[in-house]
Asks: 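Below is one structure. I have some questions about it.
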Amino acid sequence: MTKNIRISLFISVPIILWMLSGFFTDSDLDVEVKKSNLFTVGILSSKAISFQPLIKLKATTESEARVNIKAKTSGEVVKIGAMQGQFVEKDAVLCSLGIVELNRTEVKAPFSGYLEQIVKPGNFLERGQVCATIIQLNPITFIAEVPEFNINKVRSGQDVTLDLITGETVNGKLTFVSKSASTSTRTFKVESQVKNNNGQIRDGITAEMTINIEKVLAHQISPSILILNDAGKLGVRSVKDNIVIFHEIFILEDSASGLWITGIPDTLELIIQGQGFVEDGQKVLTNFL
């Protein structure tokens with residue numbers, strides 16, 4: 001190798017190495033600059049878990065039967081077999097009439113139940129007039145109305161909890177779900193018939209009926225991370241491969257501990273800080289919180 005070639009190599013090699021070093025250094029600086037221009041959002045890994053949704057409805061109790069017991073003939077009431085409010089057995093004599101038609105002098109209870117009202121001795125009853133009113137309280141039925149947007153989640157046999165305004169709590173099952181909506185309210189009638197052996201649950205009492213519908217996979221989130229997208233849809237934002245994604249949600253329940261929602265992937269990285277300052281499809285930096 002000649003002297004001139006060696007000199008050229010000594011000069012050119014350092015220059016080439018310097019140029020290469022400068023290239024990589026500038027490239028790294030560009031990457032750092034680009035990174036510094038990206039917005040940073042706070043994220044939290046969220047995984048759906050099994051959740052028991054509840055449907056809460058206003059309900060009212062209704063007796064199994066209410067019958068006005070009428071006299072089959074005319075005559076003066078000479079005797080009554082029970083006082084108002086008392087429980088009577090089936091075929092118990094309620095009103096005894098003083099008349100000639102002896103085979104029709106007794107007005108009897110058609111079933112066991114509670115007397116809501118009964119005439120007083122000395123009153124005169126015409127044929128067909130009411131001697132007494134009796135109600136049957138065992139079983140007793142809780143009746144409620146389900147909004148049409150929830151009716152597909154409800155079916156007979158589902159567990160229900162009935163919290164009476166009087167303080168009692170009764171557990172039961174749905175025994176009837178109507179197939180036809182009310183034309184005025186667009187709701188569907190549902191019933192839960194429960195035992196009421198001692199008649200403690202009265203007719204016409206209000207209660208809250210809680211229906212346990214099918215379990216689903218759901219996320220529990222804070223309401224503070226909810227946003228509206230440009231289309232006005234309510235949802236949350238997540239990050240995948242540093243790209244912002246919007247997810248429309250469906251709220252199952254708003255509880256004291258947070259919202260239970262569905263409609264999003266079972267596992268995702270939710271943006272819980274800075275979600276209102278980014279847009280769908282935007283590239284961001286992430287910081288786990």
Side-chain angles (χ1 to χ4, degrees), residues 41-59 142-165 168-179 181 186-194 206-229 231-241 243-276 278 280 286-289:
V41 294
I43 62 173
L44 178 70
S45 292
S46 181
K47 186 176 182 180
I49 61 174
S50 180
F51 174 67
Q52 173 69 75
L54 304 174
I55 296 178
K56 295 182 181 293
L57 308 167
K58 292 298 181 184
F142 289 81
I143 300 174
E145 302 284 337
V146 177
E148 57 186 349
F149 60 82
N150 270 334
I151 192 60
N152 286 340
K153 305 171 189 174
V154 176
R155 57 176 175 77
S156 295
Q158 288 175 325
D159 293 329
V160 299
T161 302
L162 303 153
D163 295 306
L164 282 71
I165 196 170
E168 299 97 335
T169 296
V170 180
N171 295 317
K173 293 183 180 295
L174 278 186
T175 52
F176 172 76
V177 178
S178 175
K179 295 292 185 182
R186 309 309 306 168
T187 57
F188 291 79
K189 182 180 179 181
V190 294
E191 296 181 358
S192 176
Q193 192 178 83
V194 299
T206 57
E208 182 178 68
M209 177 186 289
T210 302
I211 306 174
N212 298 328
I213 60 177
E214 302 291 342
K215 289 185 178 181
V216 296
L217 289 176
H219 295 260
Q220 188 178 36
I221 66 167
S222 167
S224 64
I225 72 171
L226 294 178
I227 58 167
L228 289 174
N229 70 355
K233 294 181 178 180
L234 183 67
V236 294
R237 284 192 168 117
S238 71
V239 173
K240 184 176 182 180
D241 298 328
I243 301 298
V244 176
I245 305 171
F246 175 81
H247 306 273
E248 186 178 1
I249 64 163
F250 178 75
I251 299 176
L252 294 173
E253 185 176 307
D254 184 359
S255 66
S257 56
L259 293 178
W260 286 96
I261 65 168
T262 60
I264 63 178
D266 291 343
T267 303
L268 77 171
E269 294 176 350
L270 283 174
I271 301 178
I272 61 172
Q273 194 174 79
Q275 68 274 13
V278 293
D280 304 343
T286 59
N287 178 31
F288 277 96
L289 299 177

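FYI, the numbering just counts along the sequence from 1.
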Asks: Roughly how far apart are Trp260 CH2 and Ile251 CD1, rounded to 0.5 Å?
Replies: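 So the CH2 of Trp260 and the CD1 of Ile251 are separated by 14.0 Å.
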Asks: Checking the side chain of Thr210 only, and the main-chain atoms of Val160 only, is there a donor and an acceptor separated by less than 3.5 Å?
Replies: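 Side chain of Thr210 to backbone of Val160: no pair is present.
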Asks: Drop me the distance from Glu248's CD to Ile261's CD1, to the nearest 0.5 angstrom.
Replies: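 If we round to the nearest 0.5 Å, Glu248:CD and Ile261:CD1 are 11.0 Å apart.
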Asks: How many angstroms lie between atom CG of Asp163 and atom CZ of Phe142, to the nearest 0.5 angstrom?
Replies: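 One gets 9.5 Å once the value is rounded to the nearest 0.5 Å.
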Asks: Check the pair Ile221, Leu259 against side-chain contact (heavy atoms from CB on, under 4.5 Å), reporting the backbone distance first and the verdict last.
Replies: CA-CA 5 Å; Ile221 66 167; Leu259 293 178; 4.0 Å; yes
Asks: Has the side chain of Thr175 got a donor or acceptor atom that lies under 3.5 Å from a matching backbone atom of Glu191?
Replies: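 Checked: pair present.
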Asks: For the backbone of Ile213 and the side chain of Gln52, can you confirm whether one donor and one acceptor N or O come within less than 3.5 Å of each other?
Replies: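 Yes, because the side chain of Gln52 sits within donor-acceptor range (under 3.5 Å) of the backbone of Ile213.
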Asks: Is the NZ atom of Lys153 crowded by more than 12 outside heavy atoms at less than 6.0 Å?
Replies: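 It does: Lys153 NZ has more than 12 such atoms within range.
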Asks: Closest heavy-atom contact between Ala48 and His219?
Replies: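 Between these two residues, the closest heavy atoms are N-CE1, 3.3 Å.
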Asks: Of the non-hydrogen atoms in Val194 and Gly172, which two are nearest, and what is the gap between them?
Replies: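 That closest heavy-atom pairing would be CG1-CA, 4.2 Å.
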Asks: With the side chain counted from C-beta on, respond yes when Asn171 and Asp159 share a heavy-atom pair under 4.5 Å apart, and no when they do not.
Replies: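 Contact flag for Asn171/Asp159 side chains = no.
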Asks: How close do Leu226 and Leu234 get, heavy atom to heavy atom, and via which atoms?
Replies: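 In this case the closest contact between Leu226 and Leu234 is CB-CD1, 4.0 Å.
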Asks: Look only at the side chain of Asp241 and the backbone of Ile243, and say whether a donor-acceptor pair between them is shorter than 3.5 Å.
Replies: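 Checked: no pair found.
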Asks: Ile264 vs Ser238, test: side-chain contact (heavy atoms from CB on, under 4.5 Å). Steps then yes/no.
Replies: CA-CA 10 Å; Ile264 63 178; Ser238 71; over 6 Å; no
Asks: Determine, stepwise, if the pair Thr169 / Thr161 fulfils side-chain contact (heavy atoms from CB on, under 4.5 Å).
Replies: CA-CA 7 Å; Thr169 296; Thr161 302; 3.8 Å; yes
Asks: Does Gln275 offer a backbone N or O that forms a donor-acceptor pair with the side chain of Arg237 under 3.5 Å?
Replies: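 Side chain of Arg237 to backbone of Gln275, a donor-acceptor pair under 3.5 Å: yes, one is there.
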Asks: Does any donor atom in the side chain of Ser257 or Gln220 lie under 3.5 Å from an acceptor atom in the other side chain?
Replies: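 Yes.
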Asks: Between Ser45 and Phe288, which heavy-atom pair has the shortest distance, and what is it?
Replies: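 Minimum heavy-atom contact is OG-CE2, 3.5 Å.
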Asks: Below 4.5 Å, heavy atoms only, C-beta onward: do Leu54 and Ile211 meet side chain to side chain?
Replies: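 Of all side-chain heavy-atom pairs linking Ile211 with Leu54, none is under 4.5 Å.
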Asks: Measure the shortest side-chain to side-chain distance between Val190 and Met209 over non-hydrogen atoms and say whether it is less than 4.5 angstrom.
Replies: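 They are in side-chain contact.
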Asks: On a heavy-atom basis, which atom in Ser46 and which in Leu270 lie closest, and how many Å separate them?
Replies: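 So the minimum-distance heavy-atom pair works out to CB-CD1, 3.7 Å.
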Asks: Between CG of Leu268 and NZ of Lys47, what distance do you get to the nearest 0.5 Å?
Replies: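 With rounding to 0.5 Å, CG (Leu268) is 12.5 Å from NZ (Lys47).
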Asks: Between CD of Glu145 and CG of Leu57, what distance do you get to the nearest 0.5 Å?
Replies: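 Glu145 atom CD to Leu57 atom CG measures 9.0 Å (nearest 0.5 Å).
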Asks: How many angstroms lie between atom CD of Gln273 and atom CG of Asn287, to the nearest 0.5 angstrom?
Replies: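 Taking CD in Gln273 and CG in Asn287, the distance rounds to 7.5 Å.
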Asks: In this structure, are over 12 heavy atoms from other groups packed under 6.0 Å from Ile165 atom CD1?
Replies: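 Atom CD1 in Ile165 is not crowded, with 12 or fewer foreign heavy atoms closer than 6.0 Å.
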Asks: Quick check: do Val41 and Thr286 have side-chain heavy atoms less than 4.5 Å from each other?
Replies: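 Yes, close enough: below the 4.5 Å cut-off.
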Asks: May I have the step-by-step check of side-chain contact (heavy atoms from CB on, under 4.5 Å) for Lys189 and Ile143, ending in yes or no?
Replies: CA-CA 7 Å; Lys189 182 180 179 181; Ile143 300 174; 3.7 Å; yes
Asks: Can you name the nearest heavy-atom pair linking Ile272 to Ile225, along with the distance?
Replies: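 Minimum heavy-atom separation between Ile272 and Ile225: CA-CG2, 3.8 Å.
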